[in-house]
2 protein chains.
Amino acid sequence: MSLVQEARRRRVLEAAIDLLAEVGWERTTMAAIARRAKISKGLISYHFSGKDEVLTQVVETIVSEVFLRGSERMQPRIAAETTARGMLRAYIESNLEFVAEHWREMRALSEILPNLRDEEGRLRYDVTAEEPIIAATAAMLEHGQRTGEFRDFDAHAVAFSLRRAIDAAAHRLAADPTFDIAHYASEIADLYDQGCRA
Amino acid sequence: MSLVQEARRRRVLEAAIDLLAEVGWERTTMAAIARRAKISKGLISYHFSGKDEVLTQVVETIVSEVFLRGSERMQPRIAAETTARGMLRAYIESNLEFVAEHWREMRALSEILPNLRDEEGRLRYDVTAEEPIIAATAAMLEHGQRTGEFRDFDAHAVAFSLRRAIDAAAHRLAADPTFDIAHYASEIADLYDQGCRA
DNA sequence: CGTTAATTTGGCCGCACGGCCAAGAAACTG
DNA sequence: CAGTTTCTTGGCCGTGCGGCCAAATTAACG
């Protein structure tokens with residue numbers, strides 16, 4: 001893959017992410033992506049097999065590059081904690097710090113995931129796509145239950161609601177740039193900290 | 001308005017709600033609505049000025065009829081409680097009972113609200129549309145803070161996350177009919193009950 | 001410099017959409 | 001039953017989409 005090819009593909013993917021985050025799925029057309037990337041429409045077809053590949057590449061790029069950095073940011077913060085309570089708070093606050101920096105990518109993902117379909121009309125990424133993330137959070141909560149720090153609750157249900165609370169911050173931030181996400185993180189951490197305690 | 005007109009309009013709106021809930025915004029086309037309603041495409045144009053009016057009427061119908069019944073179900077349950085804690089639990093559980101019965105309408109709303117735009121491309125219903133609902137919940141939480149039952153937290157932030165937890169149940173129920181929403185309601189009520197306590 | 005390959009453009013194509021209408025069918029009226 | 005209004009159909013039209021390609025432009029190379 002030549003430097004030009006790499007640069008063009010990157011440029012197209014960036015334009016697609018921008019548009020998905022700013023104007024949503026429906027208005028993210030090939031023409032709009034080309035306009036935003038300052039290239040002609042046909043050039044996208046030269047570098048990608050079609051719209052499908054562009055959006056698939058957006059997902060893969062975000063998952064493999066952005067989420068990797070998110071993981072690198074969150075893991076040490078969580079691992080540094082000795083208590084399950086501390087881990088939960090570190091998880092919530094570091095995850096929301098990550099959202100604050102990468103809400104564009106998260107918005108783009110949340111536009112693609114429920115909309116991108118294959119030829120037969122089936123969703124390319126179905127609703128179970130986020131299950132591993134929720135399961136990982138639930139495992140952390142269950143650890144706290146085993147140590148006796150957390151009361152007996154349905155860890156999956158609580159992890160699910162926590163995931164929604166975190167994802168919602170990306171939507172909110174996209175719609176209202178003045179949204180104080182650090183304050184929100186602190187409040188959500190307090191809520192779940194006290195709500196999970198034994 | 002004749003009986004036939006009333007019946008046709010109702011039939012079209014029902015078909016639109018079904019489609020929005022089942023296949024989403026993008027696949028809810030005039031042709032699909034007509035097919036679902038078992039009428040010709042042109043007949044929709046006879047009874048409605050266009051797609052815009054159909055979707056606007058869907059929103060108005062749901063808000064004025066469905067939410068009215070939801071309110072009638074929730075209010076007595078909440079009013080019957082004497083404590084703020086009891087009110088919060090009654091709010092969460094009765095609201096989720098309502099979601100269990102009317103998730104189709106809630107899914108339809110959550111498809112229309114972020115997608116329906118006017119001629120200039122502006123969202124017909126912007127993100128502040130749900131603000132009154134959140135504000136009402138926040139007011140209930142603040143009442144609990146004044147009585148001393150609840151600790152000192154940002155009532156709006158907590159109400160916002162609670163709203164997301166409740167709305168998410170409609171999405172989840174649409175994607176997975178086996179989802180145990182009564183159990184979820186109980187878990188969320190426990191979580192917020194303990195999380196808000198002084 | 002000439003030749004070949006890589007890159008880029010602008011425009012055309014087929015398709016599905018929302019909207020519209022001519023015409024007919026059905027219901028109502030006196 | 002004739003006349004009138006209401007209701008319904010099927011199809012046509014313009015638009016914007018994603019995809020595609022011939023031609024032009026630029027880069028690479030001996």
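Naming: A, B, ... by sequence-line order, numbering from 1 per chain.
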OP1 or OP2 of C:dT8 versus the side-chain N and O atoms of A:His47: is any pair under 4.0 Å?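 Yes, such a contact exists.
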
Under 4.0 Å: is that the gap between some side-chain N or O of A:Arg8 and OP1 or OP2 of C:dA6? no

Per-pair distances, 0.1 Å, donor-acceptor, side chain in residues 78-90 of chain A, under 3.5 Å, sequence neighbours excluded:
residue	atom	partner	partner atom	Å
A:Thr83	OG1	A:Gly86	N	2.9
A:Arg85	NE	A:Asp193	OD1	2.8
A:Arg85	NH2	A:Asp193	OD2	3.0
A:Arg89	NH1	A:Glu93	OE2	3.4
A:Arg89	NH1	A:Asp190	OD1	3.2
A:Arg89	NH2	A:Asp190	OD1	2.7

Applying salt bridge (charged side-chain N to carboxylate O under 4.0 Å, His left out), which residue pairs with at least one partner in residues 36-61 of chain B are found, sequence neighbours left out?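 Qualifying pairs: B:Arg9-B:Glu53, B:Asp18-B:Arg36, B:Glu22-B:Arg36, B:Asp52-B:Arg124.
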
Pairs satisfying salt bridge (charged side-chain N to carboxylate O under 4.0 Å, His left out), at least one member in residues 148-163 of chain B, at least two apart: B:Arg163-B:Asp167

What pairs of residues pass the ring pair (Phe, Tyr, Trp, His ring centres under 6.0 Å) test when at least one of them lies in residues 162-198 of chain A, not counting sequence neighbours? A:Phe179-A:Tyr184, A:Tyr184-B:Phe160

Roughly how many Å is it from [atom1] in [X] to [atom2] in [N], rounded to a whole number?
X: A:Ile44; N: D:dC21; atom1: CD1; atom2: P; result: 17 Å
X: A:Phe48; N: C:dT8; atom1: CZ; atom2: P; result: 13 Å
X: B:Tyr46; N: D:dC7; atom1: OH; atom2: P; result: 4 Å
X: A:Arg117; N: D:dG18; atom1: CZ; atom2: P; result: 16 Å

Name all residues meeting the ring-ring contact (aromatic ring centres under 6.0 Å, His included) criterion together with B:His156; count only those two or more places apart in sequence or in a different chain, and write none if there are none. none

Sequence neighbours excluded, which residues qualify as ring-ring contact (aromatic ring centres under 6.0 Å, His included) partners of B:Phe153?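 Residues passing ring-ring contact (aromatic ring centres under 6.0 Å, His included) with B:Phe153: none at all.
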
Strictly under 4.0 angstrom, non-hydrogen atoms only: write out the protein contact profile of nucleotides 21-27 of chain C, one letter per nucleotide from the 5' end, B, S or -. -------

Sequence neighbours excluded, which residues qualify as side-chain hydrogen bond (donor to acceptor under 3.5 Å, both in side chains) partners of A:Asp118? A:Arg122

Between A:Leu123 and A:Pro114, is any pair of side-chain heavy atoms under 4.5 Å apart?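 Counting from C-beta outward, A:Leu123 and A:Pro114 never come under 4.5 Å.
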
Contacting residues from residues 15-41 of chain B, given that a heavy atom lies under 4.0 angstrom of DNA chain D: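 Listed by number, they are B:Ile39, B:Ser40, B:Lys41.
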
Within residues 51-59 of chain B, those residues having any heavy atom closer than 4.0 Å to DNA chain C are B:Lys51

Can A:Arg11 and A:Glu6 be said to form a salt bridge (charged side-chain N to carboxylate O under 4.0 Å, His left out), step by step? CA-CA 9 Å; A:Arg11 194 185 182 88; A:Glu6 193 66 46; over 6 Å; no

Just grab all the side chain to side chain donor-acceptor pair (under 3.5 Å) pairs involving residues 61-72 of chain B, residues at least two apart or on different chains. B:Arg10-B:Glu65

Who passes salt bridge (charged side-chain N to carboxylate O under 4.0 Å, His left out) against B:Glu111, sequence neighbours left out?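 B:Glu111 satisfies salt bridge (charged side-chain N to carboxylate O under 4.0 Å, His left out) with B:Arg107 only.
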
